[in-house]
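Only one structure is covered here, and it is reproduced in the block below.
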Number of protein chains: 2
Amino acid sequence: MIEKLLLKLRARDTISAEEERALEDAVSEVREIPDNKTIVSPGEELAVSTLLLDGFLARYKDLRDGQRQITELHVPGDFADLHSFTLKRLDHNVGTLTPCKIALVPHERLERITEAFPHLTRLLWFSTNLDAAIHREWEVSLGRRSAFARVAHLFCELYHRLSIVGLTDGLSYDFALTQTDVSECLGLTAVHVNRTLRELRESDLLEFRGRKVVISNLAALQAAAEFDADYLYLDSRPR
Amino acid sequence: MIEKLLLKLRARDTISAEEERALEDAVSEVREIPDNKTIVSPGEELAVSTLLLDGFLARYKDLRDGQRQITELHVPGDFADLHSFTLKRLDHNVGTLTPCKIALVPHERLERITEAFPHLTRLLWFSTNLDAAIHREWEVSLGRRSAFARVAHLFCELYHRLSIVGLTDGLSYDFALTQTDVSECLGLTAVHVNRTLRELRESDLLEFRGRKVVISNLAALQAAAEFDADYLYLDSRPR
DNA sequence: CGTGCTCTTGACAGTAGTCAAGATGAGTGG
DNA sequence: CCACTCATCTTGACTACTGTCAAGAGCACG
């Protein structure tokens, strides 16, 4: 059940059989959630964290005028709100963008891991630091990249993140979000995302239609985005 | 020496005398660094983390065309690259914006803390999660806020962060960065930051001149920025 | 075969960027 | 003690990227 989490973590470090069992035992419950549902609201007291098994989740913040900014997308294998274990409540929403399957992990079981499994603890800590690295790269996109590079960058990131959990098929992947969802990741309007997707298509870099992304030319796409996968920490080493 | 770190952490949880000693003992060395020096470069293998004792540090990423995006500012008491403990190398630079005093903390001593002090480990983990929360709020600024609100928001954040480590004097604080530094935090040009600072001055919200920030009307400034301090997790509770 | 949601495109608007020049001010050397 | 220098700040004129508004097309679902 937690294979995708294990794929994600094992891409970064080795995990012993005992640690694997500890992770499996940490799950208390599995749930299916329809799309566009809020799972966690800001300020709520939290006693469980959410592991995403299937579908796409977003962390997002709402603004007074009704706009929202998505601060990170989550793909299967991601611990969407592991950080709530130390934060106790969140500063943002967590919600589904597609129908999702999630596993719940009670904080008390995580606490037991921190008492008994220092290395696994560091690996979970690493996982939240990886989320922070993704936040930083998004800050660069939002602050400095053109709309064209921003869109290209997002699809490069998703390609690599989905790839390590086995959810790509060559250079394409299923991606059932709307253009509005994408615009809320990128600090753009949906109209402008639409225009930019057309440009990417016309440049033979990428096609995103019918809930599917097809990358036509990964090297050129990454160059256009100034994408460097280093921030995803894809090397396996002791942590 | 680590009083500001203790002030910062004790604003969020209690720390025992034993834990305090473990933190003190983790420091191996103290250094003074001039301004505009790079302390950590991306990709470098790291075996120590940097605790900022005095001055302002920035985490930033360089772009091909020479622009840079600052992804977080660090104030005294911040563990500027504690995340390198699990990441082993960084995806960004860490550099001084003013002359700084820093303490070095070897990763092996942090590892010993994770083996022997689970609660302190969670508190350090919390500290990196707090950095991520700041990243998220910056994503919202960069993606959705107007220049006016962005500038206002940054100075609100700094006010609160400096306040808990005792570096504010009423509603003012020392802030020896340039307008260019500020523009690199906010995804704006220095010229536009300059114009926006004039607007803030003319609106009687804030003055930033001569290396000093004076907030004229905190409530109005926070309202203009749509600032909500929740993301700084200023409540003390078991973590 | 409607009904809505999403996608697409065009025309126009506005916020922030670019370029350029002069002012200010702190630190340096004669 | 007074130029001088260099970085930073300031302002104006113009540009452009992205947003806004609006309308129609496409498509999945009931």
Side-chain angles (χ1 to χ4, degrees), chain A residues 34-37 56 63 65-69 96-99 141-154 174-203 206-214 224, chain B residues 34-37 56 63 65-69 96-99 141-155 174-203 206-214 224-225:
Chain A
D35 65 350
N36 284 97
K37 291 279 170 270
F56 288 93
L63 283 105
D65 65 359
Q67 293 191 99
R68 71 173 178 175
Q69 176 66 43
T96 58
L97 298 178
T98 66
S141 275
L142 292 163
R144 292 292 180 216
R145 289 193 176 99
S146 67
F148 190 83
R150 270 187 236 188
V151 175
H153 199 282
L154 178 63
D174 291 332
F175 189 66
L177 308 213
T178 66
Q179 293 182 3
T180 299
D181 294 331
V182 171
S183 76
E184 288 169 341
C185 294
L186 299 175
L188 299 169
T189 57
V191 170
H192 203 65
V193 165
N194 182 279
R195 287 193 262 258
T196 308
L197 285 170
R198 173 155 50 86
E199 281 185 74
L200 281 161
R201 219 180 305 129
E202 287 166 359
S203 312
L206 173 100
E207 202 145 335
F208 167 37
R209 317 192 75 141
R211 308 179 163 205
K212 195 163 177 131
V213 172
V214 182
Chain B
D35 63 350
N36 285 98
K37 291 277 170 271
F56 288 92
L63 283 104
D65 65 358
Q67 294 191 96
R68 69 171 179 176
Q69 175 67 42
T96 58
L97 298 178
T98 66
S141 275
L142 291 163
R144 292 292 181 215
R145 290 194 176 99
S146 67
F148 189 82
R150 271 186 236 188
V151 175
H153 198 283
L154 179 63
F155 287 112
D174 291 333
F175 190 67
L177 306 212
T178 66
Q179 292 182 5
T180 299
D181 294 331
V182 172
S183 76
E184 288 169 341
C185 293
L186 299 176
L188 299 168
T189 57
V191 170
H192 203 65
V193 165
N194 182 279
R195 287 194 261 257
T196 308
L197 285 170
R198 173 156 50 85
E199 281 185 73
L200 281 161
R201 220 180 305 130
E202 288 167 359
S203 311
L206 174 98
E207 201 145 336
F208 168 37
R209 318 191 75 141
R211 308 177 163 207
K212 196 166 175 130
V213 171
V214 181

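Keep in mind the model is a prediction, meaning the values are calculated, not measured. As a basis for the values below, the full set of heavy atoms in this structure was taken, side chains included, without hydrogen atoms, waters or symmetry mates. By convention in this document, chain letters (A, B, ...) are assigned in the order of the sequence lines, proteins followed by strands, and residues within each chain are numbered from 1.
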Mind listing the side-chain donor-acceptor pairs of residues 142-153 of chain A below 3.5 Å, one per line with the distance, residues two or more places apart or on another chain?
| from | atom 1 | to | atom 2 | distance (Å) |
| --- | --- | --- | --- | --- |
| A:R144 | NE | B:R68 | O | 3.2 |
| A:R144 | NH1 | B:L188 | O | 3.4 |
| A:R144 | NH2 | B:S183 | O | 3.2 |
| A:R144 | NH2 | B:L188 | O | 3.3 |
| A:R145 | NE | A:A225 | O | 3.1 |
| A:R145 | NH1 | A:E137 | OE2 | 3.3 |
| A:R145 | NH1 | A:S141 | OG | 2.8 |
| A:R145 | NH2 | A:E137 | OE2 | 2.9 |
| A:R145 | NH2 | A:E226 | O | 3.4 |
| A:S146 | OG | A:A149 | N | 3.2 |
| A:R150 | NE | A:S141 | O | 3.3 |
| A:R150 | NE | A:R145 | O | 3.0 |
| A:R150 | NH1 | A:L186 | O | 2.6 |
| A:R150 | NH2 | A:R145 | O | 3.3 |
| A:H153 | NE2 | A:E137 | OE2 | 3.3 |

What is the distance, rounded to the nearest whole Å, between atom [atom1] of [X] and atom [atom2] of [N]?
X      : N      : atom1 : atom2 : answer
B:R150 : C:dT15 : CZ    : P     : 13 Å
A:R144 : D:dC17 : CZ    : C1'   : 15 Å
A:R145 : D:dC17 : CZ    : C1'   : 18 Å
A:E207 : C:dC7  : CD    : C1'   : 14 Å
B:D35  : C:dA26 : CG    : P     : 16 Å
B:D65  : C:dG17 : CG    : C1'   : 13 Å

Enumerate all atom pairs, one protein N or O and one N or O from nucleotides 20-29 of chain D, separated by less than 3.5 Å.
| from | atom 1 | to | atom 2 | distance (Å) |
| --- | --- | --- | --- | --- |
| D:dT20 | O4 | A:R195 | NH2 | 3.0 |

Review item, nucleotides 6-9 of chain D N/O atoms under 3.5 Å of protein N/O:
| from | atom 1 | to | atom 2 | distance (Å) |
| --- | --- | --- | --- | --- |
| D:dC9 | OP1 | B:Q179 | N | 3.4 |
| D:dC9 | OP2 | B:Q179 | N | 3.0 |

What distance do [X] atom [atom1] and [Y] atom [atom2] have between them, rounded to the nearest 0.5 Å?
X      : Y      : atom1 : atom2 : value
B:H192 : B:L197 : NE2   : CG    : 10.5 Å
A:E202 : A:E207 : CD    : CD    : 11.0 Å
B:N36  : B:D181 : CG    : CG    : 7.0 Å

Looking at every strand, decide which applies to B:L188 at a 4.0 Å heavy-atom threshold: base, sugar-phosphate, or nothing.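 Answer is sugar-phosphate: B:L188 comes under 4.0 Å of backbone atoms only.
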
With a non-hydrogen cut-off below 4.0 angstrom, is A:G210 in contact with a base, only sugar-phosphate, or nothing? nothing

Aromatic rings B:F208 and B:F155: how do their planes relate, parallel, tilted or perpendicular, breaks at 30° and 60°?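 Ring orientation of B:F208 relative to B:F155: tilted.
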
What closest approach, in Å, do A:T96 and A:P34 show between heavy atoms, and which atom pair accounts for it?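 It is OG1-O, 2.8 Å.
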
Taking all heavy atoms of A:T98 and all of A:D35, pick out the closest pair and write down the distance.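 Reported closest heavy-atom pair: C-CB, 3.3 Å.
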
